[in-house]
Amino acid sequence: MDPGTHFVFGTHSHHGFVASATSNMPAHLAHWFLTREQFEPVAGQPGLFRLTEPERDGPRRTRQAVHDLRRSGYAVHADVVLDPATSANPPRPVRPHGLSEQRSRIAQAAGRVSPRRSAPTTSAPLARPIPPKPTYAPTVHLPASRTGRSR
C-alpha cells in the first residue's frame, strides 16, 4: 500500500463492506467523509466503518464512495472488486436499434428551425456601426455663477 494513502476499503466477514482511514487522515475528517458516503462507525472497533444497508447494492455504493473520495483528491486503496478503476462495470441493457434511433431523432431535430429563434446569420458583423457625427454643435446651458455678477 502506498505510504500516502488516506482511506482503505475492503470486505469483512462479519461487517460486510468496510472502510477505515490511515494515520495520514485526521480522525474527525475521516468520520465526516465516511458518514457522508453512507458508512457508519463499528461499535467496539475505533476507526472502522461499515456500509449501511450493504444488501442494498453494496458493491456499487462502495465503488462510488471510492470514486468520490478520489475525485476529492484523496489517495484510496481498495480491494480489486471494490476499485472502480480495476473492476468492470456491469453490462447495461441494450435496446435494439437504440443508438440509431437516437441519432435519427437528433438529425431530424437539427434539420428543423426552432419556432422560437430566427434563422442564424451566415456571418457575424466585423465591427459595431459608428453613428454619423451631428451637423450642429449642441448648446450647453451652464448655471449662472453667483459670485460677483449679480449685485
Side-chain angles (χ1 to χ4, degrees), residues 1-134 138 140-143 145:
M1 182 171 26
D2 183 29
T5 302
H6 297 103
F7 293 97
V8 178
F9 285 81
T11 55
H12 189 275
S13 59
H14 180 68
H15 299 298
F17 301 101
V18 294
S20 66
T22 64
S23 59
N24 295 330
M25 188 71 183
H28 68 284
L29 287 178
H31 183 274
W32 188 87
F33 276 112
L34 291 172
T35 55
R36 268 134 193 90
E37 292 292 341
Q38 300 177 2
F39 282 79
E40 62 187 0
V42 176
Q45 297 194 6
L48 186 65
F49 292 78
R50 68 177 171 201
L51 184 66
T52 60
E53 300 179 49
E55 66 281 354
R56 199 188 81 213
D57 203 9
R60 184 201 59 78
R61 291 172 49 218
T62 305
R63 281 193 297 272
Q64 185 65 48
V66 170
H67 173 73
D68 292 345
L69 290 169
R70 284 181 178 159
R71 189 176 55 199
S72 296
Y74 293 100
V76 180
H77 176 76
D79 288 350
V80 173
V81 269
L82 301 176
D83 194 342
T86 59
S87 63
N89 292 332
R92 292 184 175 195
V94 178
R95 294 187 310 165
H97 307 293
L99 185 58
S100 62
E101 289 173 6
Q102 180 184 9
R103 286 183 178 167
S104 175
R105 285 193 308 270
I106 291 170
Q108 289 173 358
R112 290 187 220 122
V113 176
S114 173
R116 294 185 186 180
R117 293 185 173 184
S118 62
T121 59
T122 56
S123 63
L126 298 177
R128 195 175 80 196
I130 299 173
K133 291 187 177 183
V140 179
H141 299 282
L142 299 174
S145 79

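What you see is a predicted model, and the numbers here were worked out from it, not measured in a lab.
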Under 3.5 Å, side chain of Arg61 to main-chain N/O of Glu37, donor-acceptor pair present? no
Nearest heavy atoms of Pro54 and Phe17, plus distance in Å: CB-CD1, 3.8 Å
Tell me, do Met25 and Phe33 make a side-chain contact under 4.5 Å, heavy atoms counted? yes
Test applied, side-chain hydrogen bond (donor to acceptor under 3.5 Å, both in side chains); reference residue, Arg50; option that passes from Gln45, His12, Glu40: Glu40
Does some side-chain heavy atom of Leu48 sit less than 4.5 Å from a side-chain heavy atom of His15? yes
Minimum-distance pair of heavy atoms, taken over all atoms of Pro84 and Val66: CD-CG1, 3.6 Å
Ignoring hydrogens, what is the shortest heavy-atom contact between Gly47 and Ser20? Give both atom names and the distance. O-CB, 3.2 Å
Leu34 and Leu69: which non-hydrogen atoms are nearest, and at how many Å? CD2-CD1, 4.4 Å
Starting at CG of Asp83, measure out to OG1 of Thr62 and round the result to the nearest 0.5 Å. 12.0 Å
If I compare all heavy atoms of Asp79 with all of Thr11, which pair ends up nearest, and what's the gap? OD2-N, 3.4 Å
Measure the acute angle between the ring planes of Phe7 and Phe9, then classify it against the limits of 30° and 60° as parallel, tilted or perpendicular. tilted
For the atom pair CG (Leu51) and CZ (Arg56), what is the distance rounded to the nearest 0.5 Å? 8.0 Å
Checking the side chain of Thr52 only, and the main-chain atoms of Gln38 only, is there a donor and an acceptor separated by less than 3.5 Å? yes
Determine the minimum heavy-atom distance between Arg70 and Ala78, stating which atoms define it. NH2-N, 4.5 Å
